Amino acid sequence: MKLLDKLRCFLIAVVTMLLFIPAFAEGELPRVDDRYVSVKEINPTRDAGYVAGDKLERTLVLTVKKPYELILESLPIVGYEHRYRGEVSGIELVAINVEHQNHRDQAEHTLHLVYQVFKTGRTAKPAILRGEIVKLRHLDKKEIRQYRMPSFNFRTSPLSVLGEVNLKNEMSPLIKPFTLSTASSERSFNIAAAGLVFSLIGLIYIFGAYTWLPRMGGVFAKAYRNISKVADNEAGIQQAITALHQAMHQVAGKSVFGNGVDQFLQQHPAYAVARPEIERFFQLSRQVFFDPKVDPQLGMPAKQWLKRFCRHMRDCERGLKPEVHA
Amino acid sequence: MREQQLADWRTQALKLESEVNKVVVGQENPVRLITIAVFARGHVLLEGDVGVGKTTLLRAFTRGIGGGYQRIEGTIDLMPNDLVYHTYLGEDGKPHVSPGPLLMSGQDLSIFFFNEINRARPQVHSLMLRVMAERTLTAFNKEHHFPHMLVFADRNQVEKEETFDIPSAARDRFMMEIPIVVPPAHDIMESLIFDTRFHDVDQLITNVESDVLKFDELNGFAKVIQDSVTASPALRQYALNLWLATKDPVAYGVKVSNVDMKRLVLSGASPRGMGMLLRAARVNAWLHEREAVIPEDIHAVFHETIAHRLVFSPVYEMRRTEIAREMLSGIVNAVAAP
């Protein structure tokens with residue numbers, strides 16, 4: 001009876017083992033000839049310094065030539081824990097993405113694999129991304145073979161080092177020290193710098209008095225420079241008004257007088273926003289040159305007003321819309 | 001005192017305009033120009049097609065200005081003495097001499113209206129030259145004065161048969177030549193056709209209030225205007241440049257389409273013409289309540305005071321009106337002030 005119980009237990013153990021261990025359940029399959037299968041691997045750029053929680057991404061491009069084809073069910077599945085010598089390795093597949101491309105003579109399978117480290121220790125230890133085994137079916141003979149893809153060796157590191165540590169001594173010659181990422185700060189800085197440069201160019205375009213940018217060499221820009229140079233006396237005011245008249249004449253292509261403002265603005269609507277100041281300018285011109293009794297009601301010294309008016313006209317000339325008060 | 005006088009007369013002048021505009025519709029600009037001529041004491045020549053209202057316009061002004069009014073029709077057989085006297089056999093069977101239109105009103109002659117002046121012979125034009133320039137006439141061994149007289153004349157440019165071109169010297173005596181055209185507004189055109197009040201001109205004219213102005217004070221007041229309205233050095237320079245441009249438009253870059261500018265102008269505006277221009281500009285400034293002439297005042301009367309004085313090459317005389325208008329517009333556009 002005891003013997004029967006022992007035998008039963010042994011049988012149960014054997015059956016259980018056969019059920020849960022595929023290798024034992026199906027046996028070791030023969031390797032496929034390398035002529036039919038090739039693989040191209042894109043491994044992580046770093047092979048050391050991984051700590052618990054880090055992810056490693058790996059891409060394998062498996063090319064299977066006919067008459068073999070990949071058995072898709074043999075691809076590794078997410079959550080599968082790899083064991084080494086009976087112990088869980090602590091490296092787990094957390095994501096797999098497969099792309100297939102079928103050609104006439106071969107099929108190309110691109111496997112994007114993401115592993116996560118779940119192991120740690122007090123010292124740096126070697127670890128491995130296991131060479132996954134996939135199965136291939138012969139299309140004519142119903143023969144099944146396996147192919148082991150190359151593994152990737154790397155090292156894991158402890159999360160912290162106990163005791164006093166001399167960092168110089170502990171630093172790995174394989175990797176450079178971890179530094180805070182400055183990429184986002186650099187990007188922000190570049191964007192801000194570009195914004196600053198554009199703003200400066202814009203300000204120069206608006207306020208600049210020189211002609212090295214497009215549409216900056218207009219007649220009112222030149223008049224503005226001339227007005228800036230004239231003296232703040234009666235003769236200077238006359239010169240400034242004359243310069244503005246000439247600029248207006250050049251824009252219109254003919255002499256413009258106070259009763260021609262409507263026509264001028266009709267033909268040059270860019271200056272329409274400055275209409276109140278244009279009309280006041282003609283009042284000022286009339287006062288200075290023809291009729292001293294006219295009061296143009298400038299509200300400020302004539303030269304200052306003329307400069308402001310000319311700047312507004314220059315803005316109009318440049319396609320801007322100055323803020324003009326009636 | 002003077003300011004009050006200027007303001008009062010301005011009111012009267014605007015009233016005269018208003019009265020005339022009541023009976024002559026759609027001619028606001030010619031009415032304004034004639035008002036200016038009246039206060040600048042300048043003779044006026046009207047030019048336009050037949051039946052556009054030239055005579056009506058002048059008669060309306062005549063009624064508003066007051067004073068003696070005489071009229072004569074220009075005909076090919078009109079002789080100078082027809083303006084001075086006419087002879088007839090009286091009831092007593094004896095020959096009699098009566099004063100002609102020029103002498104009829106004596107010194108009170110205010111308006112001498114010469115209808116279709118270009119139908120009169122050059123001898124008549126010659127007589128008019130003196131009367132217009134000097135406002136005197138020697139007849140019956142006596143010099144007659146017409147201190148308040150203005151000559152309003154009209155001419156028909158369409159018909160050329162049995163007409164005589166007014167020589168440039170005679171044209172120069174006129175302060176303005178004002179074109180009269182049919183108003184383009186359709187409602188006015190329709191009114192001119194269907195409104196019966198326009199059909200009887202004599203009756204229509206009576207709608208103008210008579211003697212709005214005191215004709216015998218106009219000379220004195222005209223002087224007040226000319227003395228009161230100033231012209232600044234910049235304005236003088238501008239007027240001078242305009243004058244030079246009428247003499248040599250090429251130098252100012254003035255162009256007229258399909259015209260060889262180098263051959264166009266034989267003679268620009270005369271000194272008398274420029275003087276009249278400034279007189280008219282001063283009146284325009286006064287009507288706009290200003291005491292100084294501005295370029296816009298000159299522009300307001302530039303075409304009408306200068307165009308008829310220009311002497312063109314004969315080859316361009318046929319297009320005179322069109323060329324003069326384009327050339328003077330070109331001058332206004334080309335000459336800057338300041």
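Note on naming: letters A, B, ... go to the chains in the order of the sequence lines (proteins, then strands), and numbering restarts at 1 for each one. FYI, side chains are in, hydrogens and waters are out, and symmetry mates aren't considered; it's all heavy atoms of this structure. Only a predicted model underlies this, so the values are computations on that prediction, with no experimental measurement involved.
B:His303 and B:Ser329 share a side-chain donor-acceptor pair at under 3.5 Å.
Scanning residues 221-250 of chain B against chain A with a 4.5 Å non-hydrogen threshold yields B:Ser232, B:Ala234, B:Leu235, B:Tyr238, sorted by number. Taking 4.5 Å as the heavy-atom cut-off, none of the residues of residues 266-285 of chain B approach chain A.
Salt-bridge check for A:Arg314 with A:Glu317: failed, with every basic side-chain N at 4.0 Å or more from each acidic carboxylate O. A salt bridge links A:Glu279 with A:Arg275: the closest approach of a Lys/Arg side-chain nitrogen to an acidic carboxylate oxygen falls below 4.0 angstrom. Using a 4.0 Å cut-off between charged nitrogen and carboxylate oxygen, A:Arg280 and A:Glu277 do not count as a salt-bridge pair. Between B:Glu296 and A:Arg286, at least one side-chain N (NZ, or NE/NH1/NH2) sits under 4.0 Å from a carboxylate O, which counts as a salt bridge.
Closest approach of B:Arg171 to B:His308, counting heavy atoms only: NE-O, 2.8 Å. Contact record, A:Lys307 with A:Ser228: CE-OG, 3.7 Å, taken as the closest heavy-atom pair. Residues A:Arg318 and A:Ala221 come closest through the heavy atom pair NH2-CB, 3.9 Å.
In this structure, A:His312 has its ring center at least 6.0 angstrom away from the ring center of A:Tyr271. Within the 6.0 Å centre-distance limit, the rings of B:His299 and A:Phe257 are counted as a close aromatic pair.
Between chain B and the options A:Val294, A:Val288, A:Asn259, heavy-atom pairs under 4.5 Å are most frequent for A:Asn259. Between chain A and the options B:Val332, B:Val293, B:Val335, B:Asn333, the largest number of non-hydrogen pairs under 4.5 Å is found for B:Asn333.
Taking the six-membered ring where the residue is Trp, B:Phe61 and B:Phe152 present perpendicular rings, their angle passing 60° and hence far from 30°.
With a 4.5 Å cut-off on non-hydrogen atoms, B:Ala336 touches chain A through its backbone and its side chain both.
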